[in-house]
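Below: one structure, written as structure tokens.
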2 protein chains.
Amino acid sequence: MLSQKTRYAIRAMQHLADKYGQGPIPLTDIAETQNIPAKFLTVILSELSRYGIVASQRGKDGGYWLGVPPIDITYGDLIRVMRGSLALVPCASRFAHETCKNCVEEKDCRTRALMLQVRDATAGLLDGMRLSDKIDPVPAAEGLEAVEDV
Amino acid sequence: MLSQKTRYAIRAMQHLADKYGQGPIPLTDIAETQNIPAKFLTVILSELSRYGIVASQRGKDGGYWLGVPPIDITYGDLIRVMRGSLALVPCASRFAHETCKNCVEEKDCRTRALMLQVRDATAGLLDGMRLSDKIDPVPAAEGLEAVEDV
DNA sequence: GTATTCTCTATCGTAAAAGTTGACAATGGG
DNA sequence: CCCATTGTCAACTTTTACGATAGAGAATAC
């Protein structure tokens, strides 16, 4: 699962992408329309601006904007910035590899082999989706099914 | 990320799959070869046996075995049992849908639209991989790259 | 009856996640 | 120059989830 913070970050970035080229967007504008606790959002935006993908200006008429054109920011980038990795297990990350604790040797680990495939599929999708993409929300009802018996 | 518990569960199930048809496997056998804290493993195996995918017998020569043939258990099933969902956000789960807290309306949520795609791709892979599959571990060195600047 | 092995509920400790506080610094306008 | 506005930052609190353990109990085999 993505953390709440990562989800906030994604929505904030989408908001800035929508208003790209319109000058500084004040934090409260993002917080209100995206339903994000304002103070927490300051932490998130500071973090993103340290990476350079968000720029900011203080004072009257200040605010935030994308430091990079929306077409150059993928959702994969965002998730990597916020949580370090796209993978489901640390040992299956390609950019932030870590050996798993209490595991078997990596060279013998079948779970890792599977999770590398999942990571690659996920990356294939998320690295192809950009902040500039027009995305049609999926109607809420769609895709709900009963819980499956296992 | 998958929780440690989920990873333990997967390895325990792989172990039982390897020994399918060989009678009850004692917990300590699984714990030792798979490097899982024994006491914690009791919790995990109890949980799995409540779902019927693991069977057990107490007493001398007791132990655990798969309650279902390994070909009928997918990795998708395992992850759903352990963590409820394959999705990266609660609102993108197809079998355990929940609305996200502090989010925008689902019908307006672009993140959800993206994450449904990711979920479907993940499910496409994991629901096709079975405990009976012969899996070749990937050599540990493979797939390590430098951290990318974002 | 005794050793073995699983069962179950409760509980603990820690770390991470989520969110808040408050002092501070820059900017623009009167 | 003062003041309102808006971002910056480090420290802190609160909450929650996770990982793990404890310990009493029940079935089974010999």
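This is a predicted model, so every value here is computed, not measured. In the text below, chain A, chain B and the rest are named by the order of the sequence lines, each starting its count at 1.
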Would you list the protein and nucleotides 28-30 of chain C atom pairs, both N or O, that sit under 3.5 Å from each other?
none

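- The shortest distance between side-chain heavy atoms of Tyr75(A) and Met13(A) does not fall below 4.5 Å.
- Here the P atom of nucleotide dC6(C) and the CD1 atom of Ile25(B) are 10 Å apart, to the nearest Å.
- Among all heavy-atom pairs drawn from Met1(A) and Arg83(B), the shortest one is N-NH1, 3.2 Å.
- Shown here are the side chain to side chain donor-acceptor pair (under 3.5 Å) partners of Tyr8(A), two or more places apart in sequence or in another chain: Gln4(A), Asn102(B).
- Within the structure, every pair that satisfies the salt bridge (charged side-chain N to carboxylate O under 4.0 Å, His left out) test and touches residues 116-140 of chain B, not counting sequence neighbours, is listed here: Arg80(B)-Asp127(B), Arg94(B)-Asp120(B), Lys134(B)-Asp136(B).
- Scanning DNA chain D 5' to 3' for nucleotides with an atom closer than 4.0 angstrom to a non-hydrogen atom of chain A gives a first and last hit of dT5(D) to dA20(D).
- With sequence neighbours excluded, no residue forms a salt bridge (charged side-chain N to carboxylate O under 4.0 Å, His left out) with Glu32(A).
- Heavy atoms of Leu27(B) sit under 4.0 angstrom from primed sugar atoms or phosphate atoms, though from no base atom.
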* Structure fact -> Whether each nucleotide of nucleotides 15-23 of chain C has a protein heavy atom under 4.0 Å at its base (B), only at its sugar-phosphate (S) or at neither (-) is summarised, 5' to 3', as ---SBBBB-

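- Residues Ile79(A) and Leu126(A) approach most closely at CD1-CD1, 3.7 Å, considering heavy atoms.
- Expressed to the nearest 0.5 Å, how far OH of Tyr64(B) lies from CG of Leu16(B) amounts to 9.5 Å.
- Here the closest non-hydrogen pair linking Asn35(B) and Cys103(A) is ND2-O, 3.2 Å.
- Of all heavy-atom pairs between Pro24(B) and Gly62(B), the closest is CB-C, 3.5 Å.
- For the pair Arg11(B) and Ile30(B), the minimum side-chain heavy-atom distance is 4.5 Å or more.
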